[in-house]
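Presented below is the structure to which this report refers.
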There are 2 protein chains.
Amino acid sequence: MEQQDINGLYPIGTVSEITGVNAVTLRAWERRYGLIQPERTPKGHRMYSQTDVDKIQLILVQLGQGIAISRVAESMDLREQSHDSNEDIWVQYRLRMIEAISQFDENVLDSIYNEAMSLYPVDIVTRRLLTPLLTHLGERWQTTEGSVAEEHFFSVFMRNKLGARFHHRNIRNTGPCLIAACLPGEHHEFGLLLFALAAHARGYRLILLGADMPLSELPHVIQRTQSDGVVLSGSIVLDTDLFKTELNTLAHTSSIPVFIGGHVAENYHAEIKATGATPLPTDLFGTLQTIGSVLPITRNKNT
Amino acid sequence: MEQQDINGLYPIGTVSEITGVNAVTLRAWERRYGLIQPERTPKGHRMYSQTDVDKIQLILVQLGQGIAISRVAESMDLREQSHDSNEDIWVQYRLRMIEAISQFDENVLDSIYNEAMSLYPVDIVTRRLLTPLLTHLGERWQTTEGSVAEEHFFSVFMRNKLGARFHHRNIRNTGPCLIAACLPGEHHEFGLLLFALAAHARGYRLILLGADMPLSELPHVIQRTQSDGVVLSGSIVLDTDLFKTELNTLAHTSSIPVFIGGHVAENYHAEIKATGATPLPTDLFGTLQTIGSVLPITRNKNT
DNA sequence: TAATTCCTGTACAAAACTTGTACAAATGCT
DNA sequence: AGCATTTGTACAAGTTTTGTACAGGAATTA
């Protein structure tokens, strides 16, 4: 639904080039199975939208899995069925992604990610693939030479992927409004994004401020947006004293609850509590439970 | 032969030379689709303005993406009817977005952005809305209180939007492979992303490494990926000496061209040249031309 | 004045698309 | 294994799109 008006109109030859599917085949699919019925010009030329192209890419993934083309139409709907949730699959995915990262090959990385996402819901992919992958890479990056670049490469990729998902949601939530940001000095938004996605899925409204956010700025934001809570995340603290002072000010001047997540929450558990803020557990589920107990989501309709 | 009128108007032959589009073809476009209707002298000779030339360049980009000329015409026609391509519109958009940002209202921000993107191609929106908006905000952030949060909010939003677009592209480019990264200390990827998008649209392959990239890591990446060029961007230099040393090492150890963009390219123009790297102009189009003259894209079609 | 450039309109040819039929290799079933 | 179905591709004949060429005349430039 993004830019249908002008951008999404490719002729069949271009689509063929993009997807690698022969034009004749595309027509055959349409004729035989009614898959992908593009717009037509007044003279009958097919004009494929971006959505159509995406659909073809998805079909290609299915084909790669060995699913017959005739059954792809059905399996597109039923693909969320319990695929044999073998532990093996996730290890396979992980290894393939690591390989792609070490080659800086974004095409491969992208196709693996898409493959996983097309077969499993985002929650599963996050828990079974992304989080383990991150810790795995964390270790690798401490030992292997030339790995800072790998980290950057992968971070940008994941951030963009997750960010896209975050901004793509079309539901306007009605739950409590949370401000989400990284602590000063923290430049890795990955965890924060995962949290934001999960929180949004549960009905919270979110204002995402990203990395390296000065705490002194937050009262302004809170006041202007009339939010209901602040969630901060970080793994390191540059200046302990400053951190305590600023956090104290924040927690006391603002009348709304302040939560702290990430490794900081573990290492400075006592200090955080002393300021009146609430430390969060390291797992996503526990985090959402903690926040939910303070700021419950009013379920209006739960069919 | 570079004739140019007193008013900055070009005759058709000159336009043809600049853009590479045959004069006959230009006339055919105008006749058949009403594309680009230039001024006329009293005797009927076509006089193209700079805006017209820009428009042609834009058309060429769309054409390069495989969109049929008739479709390009249709979309441009549509948008020129709905909104008289007035400067006003962009000011309007800008003001609305600034308002939304100051309210931290992402829904509104998102809908404005989508509205613009559905009416205009990404290149136009970038040049007319996003870039001016960013400089406008840059000034505002230096003066207004509590505006760092605004910066974060908008940066995250734009980064996610553009990042999504970047990673959503489906064409596997075959052009030269560029490594794109921000200089150490530079945490604003915005400009880099805009560049990456534009470069990709023109056929380059891209490896996006994002913000704050240590230069010493790059040789590894270059070697492992066998890229054809490095594009670095930044607005500040933390340590001038270190910068010069590292850049020198990079430009000399790697056998591929190194480009530097952003404000750094202006402020350290001489120093950069001394190291063997190439400074880039501040505008996107000039940047792409500079890179294109060193690393030309092999157009497979559209001879 | 002569040479060049540009104008309009018609025409043409290559490229790209369309539909429909046909065929051979791959796949599945008995 | 043997037979039937599936599925990608090929070929043919006709249409549309699109870049370019050409002709005759007018304007510009050197």
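Naming: A, B, ... by sequence-line order, numbering from 1 per chain.
- When the shell of 6.0 Å around CD of E39(A) is examined, it contains 12 or fewer heavy atoms from other residues, nucleotides or ligands.
- One interatomic measurement links the two molecules: CD1 of I69(B) to C1' of dT20(D), which rounds to 15 Å at whole-angstrom precision.
- Taking a cutoff of 4.0 Å between a charged side-chain nitrogen and a carboxylate oxygen, D110(B) and K161(B) qualify as a salt bridge.
- Between the NE2 atom of H45(B) and the P atom of dC7(C) there is a distance of 6 Å, given to the nearest Å.
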Polar pairs (N or O, both sides) under 3.5 Å between protein and nucleotides 25-30 of chain C?
none

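- Remark: the backbone N or O of Y10(B) is not paired with any side-chain donor or acceptor of T14(B) at under 3.5 angstrom.
- We find that OH of Y10(A) is positioned 18 Å from P of dA16(C), with the value rounded to whole Å.
- Contact annotation: the side chain of L232(B) never approaches that of I179(B) to less than 4.5 Å [non-hydrogen atoms, C-beta and beyond].
- An angle of 40°, rounded to 10°, separates the two end axes of the helix from dT1(C)-dA30(D) to dT30(C)-dA1(D), each defined over five pairs.
- Rounded to whole angstrom, the span from the CE atom of M47(A) across to the C1' atom of dT16(D) amounts to 13 Å.
- Counting heavy-atom neighbours within 6.0 Å of E266(B) CD, excluding the residue itself, gives a total above 12.
- Summarising the geometry, the separation between CD on E17(B) and C1' on dC6(C) is reported as 15 Å, rounded to the nearest angstrom.
- For R94(B), the salt bridge (Lys or Arg N to Asp or Glu O under 4.0 Å) criterion is met by no residue, not counting sequence neighbours.
- Every residue two or more places apart in sequence or in another chain that forms a ring-ring contact (aromatic ring centres under 6.0 Å, His included) with Y93(A) is listed here: W90(A).
- Salt bridge annotation for E30(B)-K55(B): absent, with no cationic side-chain nitrogen under 4.0 angstrom from a carboxylate oxygen.
- Within the 3.5 Å criterion, the main-chain N or O of V221(B) finds a donor-acceptor partner in the side chain of T225(B).
- Closest-nucleotide positions on DNA chain C for I12(B) and R46(A) were compared, and the one nearer the 5' end corresponds to I12(B).
- Rounding to the nearest 0.5 Å gives a distance of 12.5 Å between CD1 of I101(A) and CZ of R96(A).
- Remark: I36(B) CD1 to I59(B) CD1 distance equals 4.0 Å, nearest 0.5 Å.
- Under the 6.0 Å cut-off for aromatic ring centres, F104(A) and F153(A) qualify, their centroids lying closer than that.
- Within residues 20-28 of chain A, the residues having any heavy atom closer than 4.0 Å to DNA chain C are, in order of number, R27(A).
- Scanning residues 30-44 of chain B for heavy-atom distances under 4.0 Å to DNA chain D yields R32(B), Y33(B), K43(B).
- A donor-acceptor distance shorter than 3.5 angstrom exists from the side chain of T41(B) to the backbone of H45(B), with no hydrogens or angles considered.
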